[in-house]
Amino acid sequence: MDYTAGEVAGNDYILKGARHFDLAATLDCGQAFRWEQVGEDAFRGIALGRVLEIQRRGEDVVLYGVSEEEFHVRWKRYFDLDREYGKLKELFCRDPVLRQAVEYAPGIRVLRQDGWEALCSFIMSQNNNIVRNKGMIDRLCRLAGEPIRGGYAFPTPQRLAAMTVEDLAPARCGFRAKYILDAARAVCEERVSLDQAAKLPLPQAREMLMRIYGVGPKVADCALLYGLGRVECVPMDVWMKRVMERCFPKGLPEWAKDTAGIAQQYLFHYARMQGLK
DNA sequence: CGCCAGGCTTCTA
DNA sequence: TAGAAGCATGGC
C-alpha cells in the first residue's frame, strides 16, 4: 500500500504517510479533466458522481467530507491506492529514459476513472487541447448531468442517447457532438459493452470500442487505460509517438508490458512538459 | 490575426 | 492502402 494507515478525523478521512502521490501531477497530467486547484496543494473535482476536495498536508493526504466506507468503496480504487508505485517505479528505473521520466514527476498515479466518462472525455479530446477540453466537459455536465451536491455528475449514456446534436450545441463540442451521441447509443443499445471491454483480450476490446463513430485506436486505448483498468494499454498520441520514435524504436522494454500504460503516463507527461519535438 | 490542439473520417491517387 | 484534407472551436 502507498499509505501507512487510514484515519477518520471528524468528517474527513486522512491517508497517513501517503507516498508516491503528488496531487498536482496526478490530477493535472492530462488523464482527468474535472479537477481544479483550489488552494495550497488542494484540489476540487467531480468524479464517480461525487464532489471531492482533497489536499496534501505534509506526509498525509486529506479527503474532506469522506467517510471510511466511502473511501473504500469509491476513492481507494479511483486513486489506484492498492498498487505499490514504489515497486513499479523501481522496475521502470531499470531503463535510463524511463528513469528520467519517473524522476521528473515521481508522484504521478494513473487514475481508475469511470469507464463511460473516460470514453467520452477522450472522444472529446481529439484535435483539442486540454484546457479547452475541460471547458467542453464542464459545459456538457452542466447541460446534461444530474445535479449533485456541489455540482453536476457526468451525463449518463441514457440521458445523452435521448438528445440530438442540436440539444448539445450549448456545450460547444463542435464536430465531436455526433461522436458522443453515437457512443451513448452504442452503450444503450448494447452494441458496445464497457464491462466486456474491461475483460476481453486487448485486440477484441479495442475492436469493440472502435465500433463507435469517432473512436479510433488512440481514444479506445485511453478509455481502456483510464476508465477500464487496463494498465497494459499504451495510448499512442502525438507525444508518445515522438518518445517512441526517439527513445524506444524497438518498443517499450518487455519487462514493462504488464503495466506499460503507467510507464506511458510518466513518459507522456515528461515529453509534453519538455516540449519534445 | 494565424496557429494549433492527448484524432478520426472521408476523400484522393 | 497510404497520405492528405476537413472538421468546429477557442486559447494563445
Side-chain angles (χ1 to χ4, degrees), chain A residues 24-37 101 104-105 108-143 163-186 191-192 206-228 230-248 252 260-277:
Chain A
T26 298
L27 300 174
D28 199 24
C29 66
Q31 57 174 327
F33 302 93
R34 300 199 71 194
W35 291 93
E36 57 168 349
Q37 188 154 8
Y104 180 75
I108 289 181
R109 307 182 74 82
V110 169
L111 300 172
R112 171 71 188 266
Q113 304 176 60
D114 172 70
W116 166 246
E117 176 171 339
L119 174 62
C120 287
S121 297
F122 284 94
I123 286 174
M124 287 192 276
S125 77
Q126 65 178 271
N127 197 220
N128 202 350
N129 60 61
I130 292 175
V131 175
R132 197 163 72 92
N133 199 32
K134 285 185 178 181
M136 266 170 34
I137 290 170
D138 183 59
R139 290 190 297 271
L140 183 71
C141 292
R142 290 171 193 277
L143 181 70
M163 298 177 77
T164 66
V165 169
E166 293 73 37
D167 294 332
L168 286 185
R172 303 203 297 280
C173 299
F175 64 88
R176 305 162 191 85
K178 56 186 181 288
Y179 299 159
I180 295 300
L181 294 184
D182 189 63
R185 285 167 193 150
R191 186 168 95 232
V192 165
R206 298 174 90 210
E207 182 277 326
M208 176 147 75
L209 293 173
M210 286 167 60
R211 291 174 198 166
I212 298 166
Y213 184 42
V215 174
K218 192 270 179 180
V219 170
D221 284 349
C222 284
L224 286 163
L225 173 61
Y226 300 117
L228 300 175
R230 301 297 293 266
V231 292
E232 74 274 36
C233 199
V234 181
M236 278 296 164
D237 76 307
V238 288
W239 297 103
M240 275 306 291
K241 282 176 185 164
R242 287 173 197 158
V243 172
M244 294 306 290
E245 194 177 337
R246 247 177 67 160
C247 307
F248 300 98
L252 289 174
I262 300 178
Q264 174 271 156
Q265 197 62 32
Y266 295 103
L267 291 170
F268 167 78
H269 184 69
Y270 183 69
R272 198 164 73 95
M273 292 302 120
Q274 300 293 316
L276 190 69
K277 288 294 174 200

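Lettering follows sequence order; numbering is per chain, from 1. Values below: every heavy atom of this structure, side chains too, minus hydrogens, waters and symmetry copies.
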With sequence neighbours excluded, tell me which residues meet side chain to side chain donor-acceptor pair (under 3.5 Å) with A/Arg109. A/Asp2
Between which nucleotides of DNA chain C, 5' to 3', does chain A make heavy-atom contacts below 4.0 Å? C/dC7 to C/dG10
Can you list the residues that meet the salt bridge (charged side-chain N to carboxylate O under 4.0 Å, His left out) rule with A/Arg211, with sequence neighbours excluded? A/Glu207
Just so I know, are the side chains of A/Met236 and A/Pro217 near enough to count as touching, which here means a heavy-atom distance under 4.5 Å? no
When rounded to the nearest Å, what value does the distance between P atoms of C/dA8 and B/dT10 take? 12 Å
Find which nucleotide of DNA chain C each of A/Val131 and A/Tyr179 is nearest to by heavy atoms, and output the residue with the more 5' nucleotide. A/Tyr179
Sticking with atom P, work out how far B/dC4 lies from C/dA5, rounded to a whole angstrom. 14 Å
What is the nucleic acid contact for A/Phe33, judged by heavy atoms within less than 4.0 Å: base, sugar-phosphate only, or nothing? nothing
Assuming nearest nucleotide by heavy-atom distance, tell me which of A/Gly214 and A/Cys29 is located more 5' along DNA chain B. A/Cys29
Which residues pass the salt bridge (charged side-chain N to carboxylate O under 4.0 Å, His left out) test with A/Asp237, sequence neighbours left out? none
Between which nucleotides of DNA chain B, read 5' to 3', does contact with chain A run, using atoms under 4.0 Å from its heavy atoms? B/dA5 to B/dT10
Ignoring hydrogens and angles, tell me if any N or O in the side chain of A/Asp221 forms a donor-acceptor pair with the backbone of A/Cys233 under 3.5 Å. no
Which residues within residues 215-225 of chain A lie with some heavy atom under 4.0 Å of an atom in DNA chain B? A/Val215, A/Gly216, A/Pro217, A/Lys218, A/Val219
Considering every strand and a 4.0 Å limit on heavy-atom distances, what is the contact class for A/Lys178: base, sugar-phosphate, or nothing? sugar-phosphate
Heavy atoms only, 4.0 Å cut-off, all strands: where does A/Phe268 land among base, sugar-phosphate and nothing? base
So what does A/Arg272 hit on the nucleic acid, given a heavy-atom distance under 4.0 Å: a base, only sugar-phosphate, or nothing? nothing
Less than 3.5 Å apart, which donor and acceptor atoms pair up between the side chains of residues 266-276 of chain A and the rest of the protein, not counting sequence neighbours?
| from | atom 1 | to | atom 2 | distance (Å) |
| --- | --- | --- | --- | --- |
| A/Tyr266 | OH | A/Ile108 | O | 3.0 |
| A/Tyr270 | OH | A/Gln100 | NE2 | 2.9 |

Donor-acceptor contact below 3.5 Å, side chain A/Gln31 vs main chain A/Cys222: no
Between A/Gln265 and A/Tyr226, is there a side-chain donor-acceptor contact under 3.5 Å, judged purely by atom types and distance? yes
Short side-chain to backbone donor-acceptor contact, A/Arg176 and A/Ile123, under 3.5 Å: no
Taking all non-hydrogen atoms of both residues into account, name the closest pair between A/Val215 and A/Ala220 and its distance. CG1-N, 3.8 Å
Name each donor-acceptor pair under 3.5 Å that joins a side chain in residues 168-175 of chain A to protein atoms two or more places apart or in another chain, with its distance.
none

Hey, can you pull the donor-acceptor pairs under 3.5 Å for the side chains in residues 128-136 of chain A, sequence neighbours left out?
| from | atom 1 | to | atom 2 | distance (Å) |
| --- | --- | --- | --- | --- |
| A/Asn128 | OD1 | A/Arg132 | NE | 3.3 |
| A/Asn128 | OD1 | A/Arg132 | NH2 | 3.4 |
| A/Asn128 | ND2 | A/Met124 | O | 2.9 |
| A/Asn129 | OD1 | A/Val131 | N | 3.4 |
| A/Asn129 | OD1 | A/Arg132 | N | 2.8 |
| A/Asn133 | ND2 | A/Ser121 | O | 3.3 |
| A/Lys134 | NZ | A/Asp28 | OD1 | 3.3 |

Rounded P spacing from B/dC8 to C/dG10 in Å: 22 Å
Which residues pass the side-chain contact (heavy atoms from CB on, under 4.5 Å) test with A/Gln37, not counting sequence neighbours? A/Phe43
Residues of residues 165-175 of chain A with a heavy atom under 4.0 Å from any atom of DNA chain C, listed by number, are A/Arg172, A/Gly174, A/Phe175
Going by side-chain contact (heavy atoms from CB on, under 4.5 Å), name the residues that satisfy it together with A/Arg185, two or more places apart in sequence or in a different chain. A/Ala161, A/Leu181, A/Glu189
